[in-house]
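Here the structure is a predicted model, which is why all the values come from computation and not from measurement. Note: hydrogens, waters and symmetry copies are ignored here, and every other heavy atom, side chains too, is used.
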Amino acid sequence: MLPIRTSRPALAAVALVVSLTACTARAADGGPAGAGAGSSQAPPAKAKVTVVKKEAGSPVTVSATGGTLTAVRVVDAEGGELKGRTGAGGTSWTSDRKAVPGTSYTIEVTSRTADGEETTSRSSFATPEPEKVNKVTLAPGKNTTVGIGHPLSIVFDLPVTRKADVEKQLKVTTSNGTEGSWGWVRDHSGRDRVDWRPREYWKPGTRVTLEADLDGTDSGGGWFVRDYRTGFTVGAAQVVEVDLDAHRLTLERDGRTVRTIPVSGGTPGGDKRSWRGTAVLMAKEGTINMNSETVGLGDAYDKMVDYSMRLTWSGMYAHAAPWNAAYFGKANRSSGCIGMSEGNAASFYASVNVGDPFEIKGRETKGTVAEGNGYGAWNLSWADWKAKSALR
C-alpha cells in the first residue's frame, strides 16, 4: 500500500493529444496528384488520438478522430492492467475499472488511419495520493462455516455518504441463487455498515462469495485503494428458541427438537431486562470477564463467566451462571443475559454455531434487538429490509 499524504490538491482532469500524420496528396485543382503539370501537394490529412485521464474514481477514456483504435493498453506501476472496451466504430475506448488514487499509469495506444497507416503513441500520468483511505471489516470470516442466520456484513472505518456508488461495487454470488438484499444500518459502534441478508434463513450447504470491487471508489468520507474478496459456507439448520416467560431454551436442528434447557433471563422492571426478537450468535467467546459498568449497569457485577456466547454488541450473552441456579426454569433474575447451569452451558456451547439465530420472546423485555446491535436484520420484514438498500 502506498504511503498516505494529506496535503495534496484536488484531482484534476488532464488531456493529452497525439497527432498522427497520414500521407495523402492531391493536385492543386483538386484532382489526383500527378494529373497534370504544375500540380502541388496539399497538406497531409491528420488523424488525432486523444487520451483523457480523469481524476481518480473515473474511467480512463481514449478517442480517435480521423482514424480508428486498434489497441489500447493501460498499465499501473505494478503491472496491473486496466482492461477496457472499444466502442462502436472503433473510435473510442473506455476502461472497465476506475483510475485509482495514488497510482501512476502508462498508456500505449495504437491507431490506424483511413489509408491503413498504423502509429503507436505512449504517455503516462499519475493520480495524487488520497487525503483519506477508507477500509472495511468483513464478516463472517473467509472460508468459515456459519449458521443459517448470519448475514454478510461490511463495516466501514470512515463514513459512507455515497452509499449507492459503494453498493454498486458489491457483488454477492450464491451456489443456489438465494434471493437477498443489501441494507444500510448504523453499527452499534456508530460506524456505517451494510449487510446482505437473504429473504429467509439460508439453506444449509449454501456457498456464498463476495466480490467487492471498491478500488478507486470514493465513499464520500474517503477513498478505497483495494478490492476485497471473501466467502463462506452455511452449515446446519439450527434455531435456538428462547421463551423467557416459560424460562426455557430449546435447540432445534432441521426442524426437530434436540434438547431443552431451563434458563433464567433478565430481571423484569428495569434496565436488566433482556432483549426480544431474533438475535444471531455473533461469537463463542469462552471464558471472559463481564463487568456491569461496561454496559451501563453500575457496579452490579464484575466476574469471570464461562461458556460465553455473544448475542448483541450491547452485552447480551447466553452463558453459564451457576450463581443463579435457584432461578433456572423458574424466574428471570439475571442482569439481561440468558443464564443456565455449568453442565448445560458446556454441552450447549459445543452444539451451537456462530450464525445460529436465537428467537427470543417474553413479556418482560426491554425492546427488540436493533439491526446494528449485533445482527438484528431478521427483526425487519422483507419489504422494510429491502428499503434499506441505496439502490432501491
Side-chain angles (χ1 to χ4, degrees), residues 132-142 144 146-174 178-199 201-202 208-215 217-232 234 275 277-283 285 294-295 310-317 354-358 367-392:
K132 295 181 179 179
V133 173
N134 208 343
K135 299 178 182 179
V136 309
T137 302
L138 301 171
K142 190 174 183 179
T144 55
V146 297
I148 60 175
H150 207 308
L152 174 57
S153 185
I154 306 175
V155 180
F156 300 89
D157 284 2
L158 298 177
V160 180
T161 59
R162 303 177 66 169
K163 291 180 171 60
D165 290 344
V166 171
E167 191 174 330
K168 288 177 183 177
Q169 302 304 120
L170 308 176
K171 180 183 178 182
V172 177
T173 304
T174 69
T178 301
E179 181 183 6
S181 174
W182 289 106
W184 289 86
V185 303
R186 178 69 64 179
D187 187 71
H188 192 69
S189 65
R191 294 182 292 175
D192 284 320
R193 189 177 109 195
V194 65
D195 290 357
W196 198 92
R197 194 206 95 178
R199 180 169 186 160
Y201 289 151
W202 297 103
V208 186
T209 60
L210 168 68
E211 297 174 86
D213 291 337
L214 292 170
D215 199 4
T217 300
D218 182 6
S219 72
W223 290 87
F224 297 103
V225 295
R226 57 162 291 189
D227 295 333
Y228 296 86
R229 300 286 185 270
T230 193
F232 60 94
V234 180
W275 293 104
T278 300
V280 173
L281 180 55
M282 302 174 65
E285 297 181 4
T294 64
V295 291
R310 180 182 283 275
L311 298 175
T312 70
W313 283 125
S314 62
M316 185 169 75
Y317 285 78
V354 170
D356 286 350
F358 281 56
T368 303
V369 176
E371 306 95 285
N373 187 11
Y375 301 124
W378 297 107
N379 296 309
L380 275 69
S381 69
W382 177 237
D384 288 344
W385 179 253
K386 288 196 300 181
K388 289 183 167 293
S389 167
L391 302 178
R392 61 186 182 278

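- Rounding to the nearest 0.5 Å places OG of S189 at 8.0 Å from CH2 of W313.
- Judged by distance alone, the side chain of E167 and the main-chain N or O of A390 form a donor-acceptor pair under 3.5 Å.
- A distance of 11.0 Å separates NZ of K171 from CG of L210, quoted to the nearest 0.5 Å.
- Heavy-atom minimum distance, S314 versus W275: OG-NE1, 3.3 Å.
- F232 has its side chain out of reach of H150: every pair of non-hydrogen atoms, C-beta onward, lies at least 4.5 Å apart.
- With V208 as reference, V172 is the one residue of V172, V146, T178, T230 to meet the side chain to side chain contact (heavy atoms under 4.5 Å, CB included) rule.
- Atoms CG and OG1, from N373 and T312 in turn, are 4.5 Å apart once rounded to the nearest 0.5 Å.
- Ring pair W202/W196: centre-to-centre distance below 6.0 Å.
- With rounding to the nearest 0.5 angstrom, the OG1 atom of T217 is 8.0 Å from the CG atom of D227.
- When all heavy atoms of N134 and S219 are compared, the pair lying nearest together is ND2-OG, 3.0 Å.
- No donor-acceptor distance shorter than 3.5 angstrom exists from the side chain of W182 to the backbone of V194, with no hydrogens or angles considered.
- Two residues are said to be in side-chain contact when any heavy atoms from C-beta on lie closer than 4.5 Å; F358 and M316 fail this criterion.
- Taking CZ of R310 as the start and CE of M282 as the end, the distance is 6.0 Å to the nearest 0.5 Å.
- L158 contributes atom CG, which lies 13.5 Å from atom CH2 of W223 (distance to the nearest 0.5 angstrom).
- The closest donor-acceptor contact from the side chain of N379 to the backbone of G277 lies at 3.5 Å or more, if one exists at all.
- Between the side chain of Q169 and the backbone N or O of D213 there is at least one donor-acceptor pair closer than 3.5 Å.
- For F156 and W184, the ring centers are positioned less than 6.0 Å apart.
- Closest approach of Y201 to P357, counting heavy atoms only: OH-CB, 3.5 Å.
- W378 and R199 get closest at one heavy-atom pair: CZ3-O, 4.0 Å.
- With hydrogens and angles ignored, the 3.5 Å screen pairs no side-chain donor or acceptor of R197 with any backbone N or O of P151.
- Contact between R193 and S153 at its shortest, heavy atoms only, is NE-OG, 3.3 Å.
- Nearest heavy atoms, F224 versus V136: CE2-CG1, 3.9 Å.
- Counting heavy atoms from C-beta outward, R186 and D192 have side chains that approach closer than 4.5 Å.
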